[in-house]
**Student:** 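Dropping the structure in here first, questions after.
Basis for what follows: all heavy atoms, side chains included, without hydrogens, waters or symmetry-related copies.
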Amino acid sequence: MRCTGSPALALVGRLRRGGRAGGTGRCRVAAVEEFRAYARAVGDDVTLTAADGTVRLRVGSGRQALSAVRDRPWVKKAVREFEPTARQLRDAGIPADDARLTLSGLEEVLVLDARTYRVESHRFEFGLLLPHGGRDIVYELDVRQENRGVFDGTVELPAGVR
């Protein structure tokens, strides 16, 4: 695990000990919880860098057989996301078992404010390849979230919802 700067070191210590990532102890965001599990599972796969007032946590994998990395927590998340599509493929007669799938790449990045540990952004992207008919069926997912400033709009329930 690469660590630079005291905020980064403090965060790694909190993550590894199972503590909260936040000065007030209220930061119980799902992405932070996931990175805590990642840091506990395999330390060298999570990288942490601090620069320009932010702490950046990253976990990733290059191209490899899914069966070789399926037990890693971040890969389990990708498999969980792919499962409904795998079910549809199997229902269509296309075998979509782990032994046939290749992880084309995976990256998850969580960016926190170095002072408050407030989540600034979160990105999760991965791709899977499934050989079929001499080609690959390509499945890709890219989810991004950014938290910027104060929301000035109005939040309203959809019509018919109470």
**Student:** Locate the shortest heavy-atom distance separating Phe124 from Glu81; write the atom from each residue and the value.
**Tutor:**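 So the minimum-distance heavy-atom pair works out to CE2-CG, 4.3 Å.
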**Student:** Before giving the answer on side-chain contact (heavy atoms from CB on, under 4.5 Å), spell out for Trp74 and Leu106 the whole-Å C-alpha distance, their side-chain angles and the decisive distance to 0.1 Å.
**Tutor:** CA-CA 8 Å; Trp74 50 95; Leu106 181 146; 3.6 Å; yes
**Student:** Just verifying a value: how many Å separate Leu103 CG and Phe126 CZ, rounded to the nearest 0.5 Å?
**Tutor:**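 Separation between the atoms: 8.5 Å.
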**Student:** Indicate the atoms forming the closest heavy-atom contact of Gln64 with Thr102, along with that distance.
**Tutor:**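 Closest pair (atom of Gln64, atom of Thr102, distance): O-CG2, 3.5 Å.
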**Student:** Under 4.5 Å between any side-chain heavy atoms of Glu120 and Thr54, yes or no?
**Tutor:** yes
**Student:** Just jot down the salt bridge (Lys or Arg N to Asp or Glu O under 4.0 Å) partners of Arg144, sequence neighbours excluded, or say none.
**Tutor:**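 Scan of Arg144 (salt bridge (Lys or Arg N to Asp or Glu O under 4.0 Å), adjacent residues dropped) gives Asp142.
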**Student:** Please report the C-alpha distance between Val143 and Leu141 in whole Å, then the side-chain angles of each, then the deciding distance to 0.1 Å, and finally whether the side-chain contact (heavy atoms from CB on, under 4.5 Å) criterion is met.
**Tutor:** CA-CA 7 Å; Val143 179; Leu141 180 72; 3.9 Å; yes
**Student:** Could you pull out the closest heavy-atom pair between Asp113 and Arg115, with the gap in Å?
**Tutor:** OD1-N, 2.8 Å
**Student:** Under a 4.0 Å threshold between the charged nitrogen and the carboxylate oxygen, would Glu107 count as salt-bridged to Arg123?
**Tutor:**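 A salt bridge links Arg123 with Glu107.
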**Student:** Rounded to the nearest 0.5 Å, what separation is found between the CZ atom of Arg118 and the CG atom of Leu112?
**Tutor:** 10.0 Å
**Student:** Mind checking whether Val109 and Val46 sit in one hydrophobic cluster, side chains of I, L, V, M, F, W, Y counted as touching below 4.5 Å?
**Tutor:** no
**Student:** How close do Arg100 and Pro95 get, counting heavy atoms only, and between which atoms?
**Tutor:** NH1-CG, 3.3 Å
**Student:** Where the side chain of Ser104 meets the backbone of Leu129, is there a donor-acceptor pair that is under 3.5 Å apart?
**Tutor:**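 Answer holds: no.
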**Student:** Which atoms form the tightest heavy-atom contact between Asp71 and Lys76, and what is the distance?
**Tutor:**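 Result for this residue pair: O-CE, 3.4 Å.
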**Student:** So which atom in Val119 and which in Asn147 form the shortest heavy-atom distance, rounded to 0.1 Å?
**Tutor:** O-ND2, 2.9 Å
**Student:** Can you find a side-chain donor-acceptor pair between His122 and Glu108 that sits under 3.5 Å?
**Tutor:** yes
**Student:** With a 3.5 Å distance limit and no angle check, can you tell me whether Asp136 reaches the backbone of Val138 through a side-chain donor-acceptor pair?
**Tutor:**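 The answer is no, because no donor-acceptor pair under 3.5 Å joins these two groups.
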**Student:** Taking the side chain as every heavy atom from C-beta outward, state whether Val79 and Leu66 have any pair of such atoms under 4.5 Å apart.
**Tutor:** yes
**Student:** Closer than 4.0 angstrom, basic N to acidic O: yes or no for Glu83 and Arg90?
**Tutor:**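 Counted as a salt bridge, because a side-chain N and a carboxylate O are separated by less than 4.0 Å.
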**Student:** Set out, in order, the CA-CA distance, both residues' side-chain angles and the distance that settles side-chain contact (heavy atoms from CB on, under 4.5 Å) for Ile137 and Ile94, then state yes or no.
**Tutor:** CA-CA 10 Å; Ile137 295 174; Ile94 300 170; 4.1 Å; yes
**Student:** Apply side-chain contact (heavy atoms from CB on, under 4.5 Å) to the pair Leu89 and Phe82, showing each step before the final yes or no.
**Tutor:** CA-CA 11 Å; Leu89 289 167; Phe82 177 67; 4.1 Å; yes
